[in-house]
Amino acid sequence: MITCFIRYHIDPTKREQFVQYARNWGEAIPRSGADLVGYFAPHEGSSTLAYGVYHIESLAAYEAYRARLKEDPLGRENYEFAMREKFLLREDRTFLTLASGPHGKLVKF
């Protein structure tokens with residue numbers, strides 16, 4: 001299992017457009033085969049950093065997922081929405097694997 005972390009730099013005056021974009025992915029991403037953790041919009045601190053996080057089985061599965069996402073009507077619409085509204089200034093995608101697991105027994109409350 002790998003986790004994709006997407007770091008977005010957004011136009012701070014277009015936060016609501018990013019929120020709509022995130023909600024749309026909330027439908028299209030799971031439907032296309034990834035396990036969406038969530039999208040995170042700025043709340044306090046930086047007004048320009050936002051994140052998207054999802055899990056996928058492998059890089060091969062990621063390629064198949066991306067193809068399905070491009071064919072999804074809401075996925076296509078969301079890409080077009082982002083291009084039209086220009087609220088995404090930069091997008092960086094990083095794939096990571098969990099290095100700390102299993103760690104449940106080590107957590108103390």
Cluster overlap [X] with [Y], hydrophobic side-chain contacts below 4.5 Å:
X: Leu36; Y: Leu96; result: no
X: Leu88; Y: Ile6; result: yes
X: Phe81; Y: Ile29; result: yes

message: Going by ring-ring contact (aromatic ring centres under 6.0 Å, His included), Trp25 matches just one of Tyr79, Tyr8, Tyr54. Which one?
response: Tyr79
Would you check if [X] and [Y] make a side-chain contact, meaning some heavy-atom pair closer than 4.5 Å?
X: His55; Y: Ile2; value: no
X: Arg93; Y: Tyr62; value: yes
X: Phe87; Y: Glu16; value: no

query: With distance as the sole test, does Arg15 use its side chain to make a donor-acceptor pair with the main-chain N or O of Ala41 at under 3.5 Å?
result: no
Whether Arg90 side chain and Ile10 backbone form a donor-acceptor pair below 3.5 Å: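 No, the answer is negative, given that no donor and acceptor are paired below the 3.5 Å cut-off.
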message: Taking the ring centre of each residue, are Phe40 and Phe5 less than 6.0 Å apart?
response: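 No, ring centres 6.0 Å or more apart.
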message: Please determine whether side chain to side chain contact (heavy atoms under 4.5 Å, CB included) holds for the pair Glu71 and Arg76, giving the CA-CA distance in whole Å, both sets of side-chain angles, and the decisive distance to 0.1 Å.
response: CA-CA 7 Å; Glu71 295 302 317; Arg76 282 195 310 270; 4.2 Å; yes
Nearest atoms (heavy-atom pairs only) where [X] meets [Y]:
X: Pro30; Y: Glu27; result: CD-O, 3.6 Å
X: Val53; Y: Thr3; result: CG1-CG2, 3.6 Å
X: Pro42; Y: Ser47; result: CG-O, 3.7 Å
X: Thr97; Y: Met1; result: CG2-O, 4.0 Å
X: Tyr21; Y: Asn78; result: O-ND2, 3.0 Å
X: Tyr65; Y: Ala34; result: CE1-CB, 3.6 Å

- prompt: CD of Glu57: more than 12 outside heavy atoms within 6.0 angstrom?
  reply: no
- prompt: If you measure from CG on Leu59 to SG on Cys4, what distance do you get to the nearest 0.5 Å?
  reply: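 So the CG of Leu59 and the SG of Cys4 are separated by 9.5 Å.
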Arg23 side, atom CZ; Gln20 side, atom CD - distance, nearest 0.5 Å: 6.5 Å
query: For the residue pair Tyr39 and Phe18, does the interplanar ring angle fall in the parallel (under 30°), tilted (30 to 60°) or perpendicular (over 60°) class?
result: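 Geometry flag for Phe18 against Tyr39: tilted rings.
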